[in-house]
Amino acid sequence: MDFDFTPAQQSFRNEVRAWLAARVPADLKGRGFAASRAGRAQVDRLREWQRALHEAGYVGIDWPREYGGRGASIMEQIILYEEMSRAQAPQPVNRSGLSMLGPTLMTHGTLAQRERHLAKILMAEEIWCQGFSEPNAGSDLANLQTRAVLDGDVYVINGQKVWTSMAHVADWGFFLVRTDPAAPKHKGITFLLIDMKTPGITVRPLTQITGEAEFNEVFLENARVPAANVVGKVNEGWGVALTTLAYERDVLTMIRHISLRTALERLVALARRTKKNGHAAADDPVLRQKIANLTIAERCLQLNGYRSLTGILKGQAPGPEGSTSKLFWSQVDQDLAEVATEVIGPYSQIEAPSEWAPDEGQWEFYCLLARGSGIRAGTSEILRNILGERVLGLPKD
Ligand SMILES: Cc1cc2nc3c(=O)[nH]c(=O)nc-3n(C[C@H](O)[C@H](O)[C@H](O)COP(=O)(O)OP(=O)(O)OC[C@H]3O[C@@H](n4cnc5c(N)ncnc54)[C@H](O)[C@@H]3O)c2cc1C
């Protein structure tokens, strides 16, 4: 593994750093940390930001040029995210489209699907959501029951999805539906692109512990979707979904570690300025140890990310070992939230917009949000199963 950046990568870093220093809007700076981002007005503001990034050539950096990307390597992508974190710039809002659906369409989509969707993903002209989970299909995703029945050249869809992040502001969704109920459960599934404005779709926001309604229930009642929107082959959607999930767990993990660093830097600043018994919290030896542990953990995550990155640069597909990073990240994220609560004390429970909420209530939000880290994108228990069975070769039971 080579830890040095090439002169060309270093010059790309300098270019991005200068652009961000001049262009991050004041109202968005520092807001990517843990502020609410699910309201329609905020999403529209973030769409504008993604468009500005795209015009500067900073969205889809590792996407091929023929699809509107920059045609650079994933290294430039990582450098960009590092610099965005440094500049406290929010990440592109169309994350599911960019990180999950885009690579999936490049691998399994038709030419027509790529031409129709990829450019609009890059410009945030169309925001995407991921319609996989159902009330009885979360960890056991292949248990999904949403039915799609072919009627001429359209599929008629009936069923319910849940925890669909951003569905209330999404223009499109990538869904898993059951097209052959008689087949073994992993076999009769199809991956389908659905226009969220299709008649028969109802989106009901669910309010989370944070007070924000980032995710939703999605009801599909006789929703008619063109058969041309199937990605890959009918009844072979499970393989397509595995591509999507591998990108979610592996590539996104590198970005997660970068946002963890942003939070850690804020935590250090917070500990330095928060007084406890007449001293800065940062002078408390026990808290110092805890912050040092978090710093070591963040560094381990970075190195593990580099290990995955090396594999990807050598042309390997993301593998099950990516689960290590997601599992570890979620633990560190929750530990960090707990240490922040300890630094702040009882004030940590005060939420924005109270003037008494430290750091504009962002820690209160962060601590509650972190409870979901061990659930989304694969629960910790499931990731341990994957690591045990598929990486360590332990017996299934
Ligand atoms: C913030 C957030 C955003 C999300 N966004 C989306 C989204 O955009 N799109 C989407 O499709 N989904 C989304 N999800 C859903 C997420 O993927 C599921 O919550 C997750 O897969 C777990 O499924 P479940 O909630 O049904 O829990 P269950 O699968 O019912 O699990 C309940 C508990 O049992 C444990 N368990 C289950 N099976 C086993 C087993 N075999 N061995 C050991 N333990 C087990 C689990 O670890 C968990 O603790 C989101 C979730 C969160 C928290």
Side-chain angles (χ1 to χ4, degrees), residues 34 36-38 43 93-101 104 127-146 157 159-178 185-186 189-194 196 201 203-220 237-238 240-249 252-253 256 259 320 323 326-327 329-331 333-334 337 365-390 394-397:
S36 166
R37 54 183 189 88
V43 170
V93 66
N94 203 6
R95 199 189 282 189
S96 297
L98 284 170
S99 307
M100 289 193 271
L101 183 69
T104 305
I127 302 274
W128 284 79
C129 64
Q130 176 194 18
F132 283 13
S133 305
E134 295 183 6
N136 287 315
S139 302
D140 187 9
L141 185 57
N143 195 39
L144 61 97
Q145 303 297 327
T146 294
I157 325 275
Q160 185 199 339
K161 297 290 173 178
V162 74
W163 319 130
T164 321
S165 300
M166 309 296 272
H168 60 300
V169 286
D171 304 281
W172 282 80
F174 47 98
F175 283 71
L176 292 180
V177 294
R178 187 162 298 285
K185 68 178 182 178
H186 290 87
I189 293 173
T190 298
F191 193 106
L192 201 55
L193 309 178
I194 302 184
M196 295 300 285
I201 297 184
V203 176
R204 287 197 200 140
L206 291 167
T207 303
Q208 293 160 243
I209 193 175
T210 54
E212 177 183 74
E214 177 213 345
F215 52 42
N216 305 265
E217 292 178 298
V218 178
F219 297 89
L220 301 115
W238 188 251
V240 182
L242 289 185
T243 305
T244 313
L245 294 173
Y247 278 102
E248 181 180 25
R249 280 182 198 161
L252 280 183
T253 292
R256 284 195 183 104
S259 54
S323 300
K326 161 65 178 60
L327 176 63
W329 164 79
S330 59
Q331 288 167 349
D333 192 44
Q334 291 178 354
F365 187 92
Y366 189 95
C367 293
L368 295 175
L369 190 70
R371 302 318 305 163
S373 303
I375 303 173
R376 69 189 326 167
T379 70
S380 298
E381 292 78 10
I382 293 298
L383 295 175
R384 285 192 193 96
N385 286 352
I386 292 173
L387 289 171
E389 290 162 19
R390 292 177 52 201
L394 299 176
K396 264 203 159 204
D397 295 323

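Computed over heavy atoms, backbone and side chain alike; hydrogens, waters and symmetry mates excluded. For ligands, and for the atoms within them, numbers begin at 1 and follow the listed sequence.
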Residue set satisfying side-chain contact (heavy atoms from CB on, under 4.5 Å) with Leu368, at least two apart, ordered chain then number -> Ile209, Thr210, Glu364
Heavy-atom pair with the smallest gap, counting every atom of Met196 and Ala170: CB-O, 3.6 Å
With sequence neighbours left out, write down each residue that passes side-chain contact (heavy atoms from CB on, under 4.5 Å) with Gln160, or none if nothing qualifies. Pro135, Val162, Glu217, Phe219
Steps toward side chain to side chain contact (heavy atoms under 4.5 Å, CB included) verdict (Asn216, Arg204): CA-CA 5 Å; Asn216 305 265; Arg204 287 197 200 140; 6.0 Å; no
Which word best sums up how the rings of Phe191 and Phe174 line up, parallel for under 30°, tilted for 30 to 60°, or perpendicular for over 60°? parallel
Under a 4.0 Å heavy-atom cut-off, which residues neighbour ligand 1? Gln130, Phe132, Ser133, Gly138, Ser139, Trp163, Thr164, Ser165, Phe215, Ile375, Arg376, Thr379, Glu381, Ile382, Asn385
Check side-chain contact (heavy atoms from CB on, under 4.5 Å) between Thr146 and all other residues, then give those that pass, not counting sequence neighbours. Glu134, Ile157, Lys161, Val177, Leu220
